[in-house]
Student: 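Pasting in a structure now, in structure tokens, and then I'll have a few things to ask.
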Amino acid sequence: ATLLMISMFFCPLATIIGPSGEELKIMYHEKLPYVVMLIMLMTAGICAFFCHKAPLLQARVCMLTALMLIGFQIWLAIDFFINRNAMVFNVTALFPLAAAALDFMAAKRSMVDEMTVQSVKSARKARKKRR
């Protein structure tokens with residue numbers, strides 16, 4: 001998911017076709033609000049990656065990142081509907097949706113891992129008490 005967000009810096013958001021047929025590409029890094037949002041999302045993704053020792057924290061960061069990605073996707077969708085006659089949007093405008101799905105799956109997996117570890121710990125404690 002973080003790699004998708006990083007790739008958005010180098011991919012065009014949309015193309016404007018002029019009256020004489022020339023094409024002008026609009027990049028994500030040309031709009032300051034998009035840059036700020038992408039930096040926040042990349043930072044959150046990197047934090048989630050390095051929180052692998054604390055699965056509950058990792059799951060929370062992944063969920064927060066996924067919710068931010070959904071918000072970013074809604075923002076891009078609004079821009080699409082406002083400018084759909086003037087611009088041709090690139091497929092990269094759907095990357096936040098794909099990244100959100102990946103983050104939701106990562107959060108679920110982190111929670112499953114933590115629950116598995118907790119159940120093994122409680123089973124060991126119960127076994128020690130019986131002996």
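Small disclaimer: the values here were computed from a predicted structure and weren't measured. Quick note: numbers below take in every heavy atom, side chains included, and nothing from hydrogens, waters or symmetry partners.
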Student: Under 3.5 Å, is there a donor-acceptor pair between the side chain of Asn90 and the main chain of Ala14?
Tutor: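 No, the answer is negative, given that no donor and acceptor are paired below the 3.5 Å cut-off.
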
Student: Verify, without hydrogens or angle tests, whether Glu114 (side chain) and Pro55 (backbone) share a donor-acceptor contact under 3.5 angstrom.
Tutor: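 Between the backbone of Pro55 and the side chain of Glu114 there is no qualifying donor-acceptor contact (under 3.5 Å).
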
Student: So with a 6.0 Å cut-off around CZ of Phe9, is the heavy-atom count from everything else above 12?
Tutor: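 Yes, because the 6.0 Å sphere around CZ of Phe9 holds more than 12 heavy atoms from other groups.
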
Student: Has the side chain of Ser110 got a donor or acceptor atom that lies under 3.5 Å from a matching backbone atom of Ala107?
Tutor: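 No, Ser110 side chain to Ala107 backbone: no donor-acceptor pair under 3.5 Å.
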
Student: I'd like to check Leu64 versus Met68 (side-chain heavy atoms, cut-off strictly below 4.5 Å). Are they in contact?
Tutor: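 In short, these two side chains touch, coming nearer than 4.5 Å.
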
Student: How long is the straight-line distance from CD of Gln73 back to CZ of Phe95, given to the nearest 0.5 Å?
Tutor: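 Rounded to the nearest 0.5 Å, the CZ-CD separation comes to 11.0 Å.
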
Student: Would you check if the side chain of Thr92 reaches a backbone N or O of Pro12 as a donor-acceptor pair within less than 3.5 Å?
Tutor: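 Yes: the side chain of Thr92 pairs with the backbone of Pro12.
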
Student: So does Ala48 get a backbone contact from the side chain of Gln58, meaning a donor-acceptor N/O pair under 3.5 Å?
Tutor: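 Yes; at least one donor-acceptor contact below 3.5 Å.
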
Student: Are the side chains of Met87 and Ile26 in contact, using a 4.5 Å heavy-atom criterion?
Tutor: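 Yes - at least one pair of side-chain heavy atoms lies under 4.5 Å apart.
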
Student: How many angstroms lie between OG1 in Thr2 and CG in Asp103, if you round to the nearest 0.5 Å?
Tutor: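 Output value for this atom pair is 6.5 Å.
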
Student: In this structure, would Ile78 and Ile70 fall into the same cluster of hydrophobic residues linked by side-chain contacts under 4.5 Å?
Tutor: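 Hydrophobic grouping puts Ile78 with Ile70.
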
Student: When the ring planes of Tyr28 and Phe72 are compared, do they come out parallel, tilted or perpendicular, using 30° and 60° as the limits?
Tutor: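 Ring orientation, 0 to 90° scale: tilted.
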
Student: Using 0.5 Å steps for rounding, measure from the CD1 atom of Ile16 to the CD atom of Glu22.
Tutor: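 Taking CD1 in Ile16 and CD in Glu22, the distance rounds to 10.5 Å.
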
Student: To the nearest 0.5 angstrom, please state how far the CE atom of Met40 sits from the CE atom of Met37.
Tutor: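 Reported to 0.5 Å precision, the distance equals 5.0 Å.
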
